[in-house]
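So the structure is just underneath, and the comments pick up after that.
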Protein chains: 2
Amino acid sequence: MNKPTVHDIAKEAGVSLATVDRVLNARPGVRDKTIAKVQGAVERLGYVRDTYAANLARQRLYQFAFVLPEGPSQFTDTLKAALKEAISSQIADRIALKVVTVPAHDPHAIVRSLRSLNAAALDGVALMVPETPQVRDAVARLKAEGVRIVALVSDLPNSQRDYFIGINSIAAGRTAGSLMGRFAHAQGEVLVVTNSMRSRDSLDRRLGFDQVISDDFPHLMALPSIESYDDAARMEQVVCDVIAARPGIVGVYSMGSGNMPLLNALRASGRLGELTVISHELTPATRQALQNGEIAAVIAQNVGHLVRSAMRVLRTLSDDLPIFEAQERIRIDIIIRENLPGSR
Amino acid sequence: MNKPTVHDIAKEAGVSLATVDRVLNARPGVRDKTIAKVQGAVERLGYVRDTYAANLARQRLYQFAFVLPEGPSQFTDTLKAALKEAISSQIADRIALKVVTVPAHDPHAIVRSLRSLNAAALDGVALMVPETPQVRDAVARLKAEGVRIVALVSDLPNSQRDYFIGINSIAAGRTAGSLMGRFAHAQGEVLVVTNSMRSRDSLDRRLGFDQVISDDFPHLMALPSIESYDDAARMEQVVCDVIAARPGIVGVYSMGSGNMPLLNALRASGRLGELTVISHELTPATRQALQNGEIAAVIAQNVGHLVRSAMRVLRTLSDDLPIFEAQERIRIDIIIRENLPGSR
DNA sequence: TTTTTAATGAGGAACGTACCTCTTGTCCAT
DNA sequence: ATGGACAAGAGGTACGTTCCTCATTAAAAA
């Protein structure tokens, strides 16, 4: 028995091809009774629309936009690289991609960018921006115009996003905490650094980290967060000072970007060897530090999966098809020197 | 500028559609000079064949077979489940799948199964069997008949497989060793258990594990491997005995399947709380034990990725297309309680 | 030069679906 | 009963590719 086609459905339901087409594509002009007949046939034969033939016929070109934070960040750089790579693969078949970068900390500029998108010519948007009331509104507007919205990396829990693709930040923080607790044997303090605690991701990571440290590893004490506000020099200076001032520090948890200045400061302190360093995101800097044994572990999300998943989900949403959740779940990767993936 | 089609190529190359088709599908009857003209046009326009339209026209149905070890193993069970799930998704579009189970330790039975496959009606085979001379020959025979071969989970390095999908066992062993060394602080011995050291995977994992332990963690000493030979009762008994006899044991490394009897024995010993247990493969048993805090970490490979990758690679090989390696690389997952993925 | 052979052109049908037009049928209100 | 509105049928073209046949041309062999 071969895969049933629309013709088989028509025969089975005792209606014409045109009617089957009307039902399948939810076009008007069909009685409820007839709709039921067709749907019955669909279920009896186990018909599934051949998406590829459909897109071929429809001359479908999915128009997606990726909105990413601009500015120098190794993480977004790798993300963009993954995006570029995906474009030239089968994954991006029939997908026209537009990448827009926005200043991450300027909600108004973000909204301006979102508004400048031509919603009419757009099927979906993947958004990696902090959630603000303005963003929330912009998302609602896009949704209203029929654009599918996917939150990427950091969720927009209070917006009308259709899907979130990324890892749970609390769980990521807990993972970091657990590794820190097990790796750092000696009693002592843990330095926690981040870009900015104004971001929800950082807050959640810190929350998860603290939960685990205080519950399971009483020999450690997590210090208040140090924030760099994207200022590498400042970060380096502050970390240097704190490390010098507090000999009780046994571990460092880096929650966000800016691992390069952090590592520079730690190297300068001469105490890197005795510290257990755990950071987020696999970038050239953290990869190198892992290899050197300077960082004990990196908590990461596979950017390749991230962008492929985003494209698959946007496409699936655009087709009003159900999402295969198991395939889209992004794992919290723990990376140490020994399981560091190859060249990419 | 839209995606170029065969018609555009024909125009650009100044030949007819038929000739373009002959060139693209490597059919005979075209002069070298003309082939060059067409290929030049292809490159200039950046033509990529629309695989879906092609398969539609060709009425292509990929015929793949998965050859998996039979017998009670939670790992192969999850693998089969992942396979079943993939079949009902878009991934398996135009793929007809046949799953064959073979007794893993009987090379002749494996070869019989492989021979019983109708090579003429088969495009590709994914093979998860130990490599023996007989298997090697059977693979060569299938290859000769034009069947693409992918080694799954354990490689067939000396056979003519087209691709290997799985993790590097030495690296997996090193990862386990590194975690063991960092998690188990106290000086002591590490018990190493496996199903059988006759399997290359176990040998390699042990090799990697020992490298790291002896190089980086001199406070630990890995004991000789205990083998269960698929005999749960025996495994339980031996582990019980060894645990009782050696109070210096601080860690347990389980390299293969059979985590259930191992855990039973450890629970019975009453010393599970003080032991650092690291095992392979995420199964219901190891998942439960992770959640209970009985196992410290699991080294895993994502079976979902495994089967999806296998299907993608087989399809790509069947189409004589280049493989997008970065996408097919299977990561060595480190799973602890905190980053245990959701329900599946 | 003529014959043979190989290389190429021209055109069309098919794959499963979408979407279009035009026609026919059915039912209800007037 | 008749018009109108809506439901359904019938048939077509298109999408990009494959694969087929048949005709034509150019080059090599006789």
Side-chain angles (χ1 to χ4, degrees), chain A residues 1-39 41-42 45-62 90 93-96 123 315 318-321, chain B residues 1-39 41-42 45-62 90 93-96 123 315 318-321:
Chain A
M1 212 74 259
N2 258 333
K3 265 183 69 173
T5 75
V6 275
H7 297 88
D8 301 321
I9 300 298
K11 238 176 282 170
E12 172 80 12
V15 300
S16 78
L17 224 169
T19 303
V20 172
D21 185 59
R22 285 190 262 261
V23 173
L24 290 181
N25 295 290
R27 271 188 274 274
V30 187
R31 252 177 306 171
D32 287 358
K33 228 172 59 184
T34 316
I35 294 182
K37 269 203 295 186
V38 172
Q39 280 170 345
V42 165
L45 299 187
Y47 169 82
V48 271
R49 169 203 256 113
D50 183 330
T51 328
Y52 302 125
N55 287 339
L56 177 61
R58 197 185 309 183
Q59 269 299 77
R60 188 96 157 85
L61 215 209
Y62 299 89
Q90 320 100 330
D93 202 66
R94 292 185 195 287
I95 292 183
D123 298 294
R315 184 160 39 175
S318 304
D319 289 339
D320 284 316
L321 257 35
Chain B
M1 211 75 259
N2 258 332
K3 266 182 67 174
T5 74
V6 275
H7 296 88
D8 300 322
I9 300 299
K11 239 176 283 169
E12 172 79 12
V15 300
S16 77
L17 222 170
T19 303
V20 173
D21 184 61
R22 286 189 261 259
V23 172
L24 290 181
N25 295 290
R27 273 188 273 274
V30 186
R31 252 179 308 168
D32 287 358
K33 229 172 57 185
T34 315
I35 294 183
K37 269 203 294 187
V38 172
Q39 280 169 346
V42 165
L45 299 186
Y47 169 82
V48 271
R49 166 201 261 117
D50 184 329
T51 328
Y52 303 125
N55 288 338
L56 178 61
R58 198 185 311 183
Q59 272 295 78
R60 188 94 158 86
L61 214 210
Y62 299 89
Q90 319 101 328
D93 202 67
R94 293 185 193 284
I95 293 183
D123 298 294
R315 182 157 45 172
S318 303
D319 288 340
D320 284 316
L321 256 37

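If you're wondering where the values come from, they're calculated on a predicted model, not measured in any experiment. Every chain is numbered from 1, with letters handed out A, B, ... down the list of sequences.
Taking only side-chain nitrogens and oxygens, A/R60 never comes nearer than 4.0 Å to OP1 or OP2 of D/dC15. Side-chain N/O atoms of B/R27 include one lying less than 4.0 angstrom from OP1 or OP2 on D/dC19. Neither OP1 nor OP2 of C/dA10 sits under 4.0 Å from any side-chain N or O of B/S16. At the phosphate of C/dA18, neither OP1 nor OP2 sits under 4.0 Å from any side-chain N or O atom of A/Y52. Side-chain N/O atoms of B/Q59 include one lying less than 4.0 angstrom from OP1 or OP2 on C/dG16. A close approach under 4.0 Å does not occur between any side-chain nitrogen or oxygen of A/T5 and OP1 or OP2 of C/dG16.
Across the protein-nucleic acid pair, A/R31 atom CZ and D/dA5 atom C1' stand 13 Å apart, rounded to whole Å. Rounded to whole Å, the distance from CZ on B/R94 to P on C/dC15 is 12 Å. B/K3 has its NZ atom 9 Å from the P atom of D/dG16, to the nearest Å. Per the geometry, CG belonging to A/L17 stands 9 Å off P belonging to C/dT17, to the nearest Å. B/K37 has its NZ atom 12 Å from the C1' atom of C/dG9, to the nearest Å. Counting to the nearest Å, the P atom of D/dC15 and the CG atom of A/L61 are 14 Å from each other. Taking atom CG of residue A/L45 and atom P of nucleotide C/dG16, one finds them 14 Å apart after rounding to whole Å.
In terms of position along DNA chain C, the nucleotide closest to B/A18 lies nearer the 5' end than the nucleotide closest to the other residue of the pair B/L56 and B/A18. In terms of position along DNA chain D, the nucleotide closest to B/A53 lies nearer the 5' end than the nucleotide closest to the other residue of the pair B/D21 and B/A53. Mapping B/V15 and A/R22 onto DNA chain C via the closest heavy atom, the residue that lands nearer the 5' end is B/V15.
Under 4.0 Å is where a charged nitrogen must lie from a carboxylate oxygen, and between A/D123 and A/R60 at least one such pair does.
For A/D8 against A/L45, the heavy-atom pair with the smallest separation is O-CD1, 3.8 Å.
Considering only the side chain of A/R58, C/dA18 comes nearest among C/dA18, D/dT17, D/dC19.
If you take NZ on B/K11 and CD1 on B/I9, they are separated by 11.0 Å, rounding to the nearest 0.5 Å. Interatomic distance, A/K37 NZ to A/D32 CG, rounded to the nearest 0.5 Å: 13.0 Å.
As judged by a 4.0 angstrom heavy-atom cut-off over every strand, A/N55 is placed among residues making no nucleic acid contact. Residue-level contact check: A/D50 touches the backbone only, with heavy atoms under 4.0 Å from sugar-phosphate atoms and none from bases.
Side-chain contact, A/Y52 with B/D50: no donor N or O sits under 3.5 Å from an acceptor N or O.
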